[in-house]
Amino acid sequence: MKQSFDERCYDKLRKVPKGKLTTYKDLAHTIKSQAYRAVGTAMNKNPYAPQVPCHRVIKSDGFVGGFAHGTSKKIAMLKKEGIEIKNGKVVSMQRYLYRF
DNA sequence: CGGTTGACCAAGT
DNA sequence: GACTTGGCCAACC
């Protein structure tokens with residue numbers, strides 16, 4: 001059965017555990033696509049809000065990026081999961097990145 | 001089916 | 001090191 005691009009994003013992202021992160025680029029690459037922009041668009045829709053941790057997706061630069069309910073909310077959640085964030089940027093994001 | 005848009009990225013100035 | 005530009009792909013009108 002063929003899933004839409006969006007559904008593939010959710011399926012992969014769903015595997016990211018608490019306290020870990022991934023980037024838009026990395027996520028897109030995981031589903032064999034280069035559509036990092038479309039990934040962001042998919043997250044914005046995010047119909048699987050609680051199941052899919054869309055707040056654990058950040059930019060490749062390490063900046064948190066955007067969030068449907070406000071970037072501040074996203075940051076707050078990540079901090080709660082033990083991730084250190086400074087001025088909207090994740091500190092040492094490399095150590096939090098999840099390997100698919 | 002062309003044109004616009006987006007929770008992006010990388011290279012150039 | 002801040003700012004601009006072009007490029008990427010899917011979704012929407």
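In the text below, chain A, chain B and the rest are named by the order of the sequence lines, each starting its count at 1.
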Whole-Å distance, A/Tyr10 OH to C/dA10 P, equals 15 Å
In whole angstrom, give the distance that lies between atom CG of A/Leu27 and atom P of C/dC9. 16 Å
Nearest-Å distance, NE2 (A/His29) to C1' (C/dC8)? 13 Å
Between C/dA10 (P) and A/Lys32 (NZ): distance, integer Å: 15 Å
In whole angstrom, give the distance that lies between atom CE of A/Met43 and atom C1' of C/dC9. 14 Å
Given the rule in the salt bridge (charged side-chain N to carboxylate O under 4.0 Å, His left out) test, do A/Lys20 and A/Glu81 qualify, once you have shown the distances and angles that lead to the verdict? CA-CA 8 Å; A/Lys20 290 287 182 182; A/Glu81 299 189 353; over 6 Å; no
Does the salt bridge (charged side-chain N to carboxylate O under 4.0 Å, His left out) test come out yes or no for A/Asp11 and A/Arg8, once each step is laid out? CA-CA 5 Å; A/Asp11 186 51; A/Arg8 273 179 287 178; over 6 Å; no
Please answer whether the main-chain N or O of A/Ala35 pairs with a side-chain N or O of A/Ser33 as donor and acceptor at a distance below 3.5 Å. yes
Examine B/dC9: is either OP1 or OP2 under 4.0 Å from a nitrogen or oxygen in the side chain of A/Ser60? Give yes or no. yes
For A/Lys79 and A/Lys74, indicate whether the former's side chain and the latter's backbone hold a donor-acceptor pair under 3.5 Å. no
Starting from P on B/dG6, measure out to CG on A/Asp6 and report it in whole angstrom. 16 Å
I want to confirm an ordering. Mapping A/Val57 and A/Lys25 to their closest nucleotides on DNA chain B, which one lands closer to the 5' end? A/Val57
A/Tyr36 vs A/Lys45, nearer the 5' end of DNA chain C by closest nucleotide: A/Tyr36
DNA chain B: 5'-proximal contact among A/Val39 and A/Asp61 (nearest heavy atom): A/Val39
Look at all strands and tell whether A/Phe5 reaches a base, only sugar-phosphate, or nothing, counting heavy atoms closer than 4.0 Å. sugar-phosphate
Considering only side-chain heavy atoms of A/Ser33, which listed nucleotide, C/dC9, B/dG6, B/dA7, is closest? C/dC9
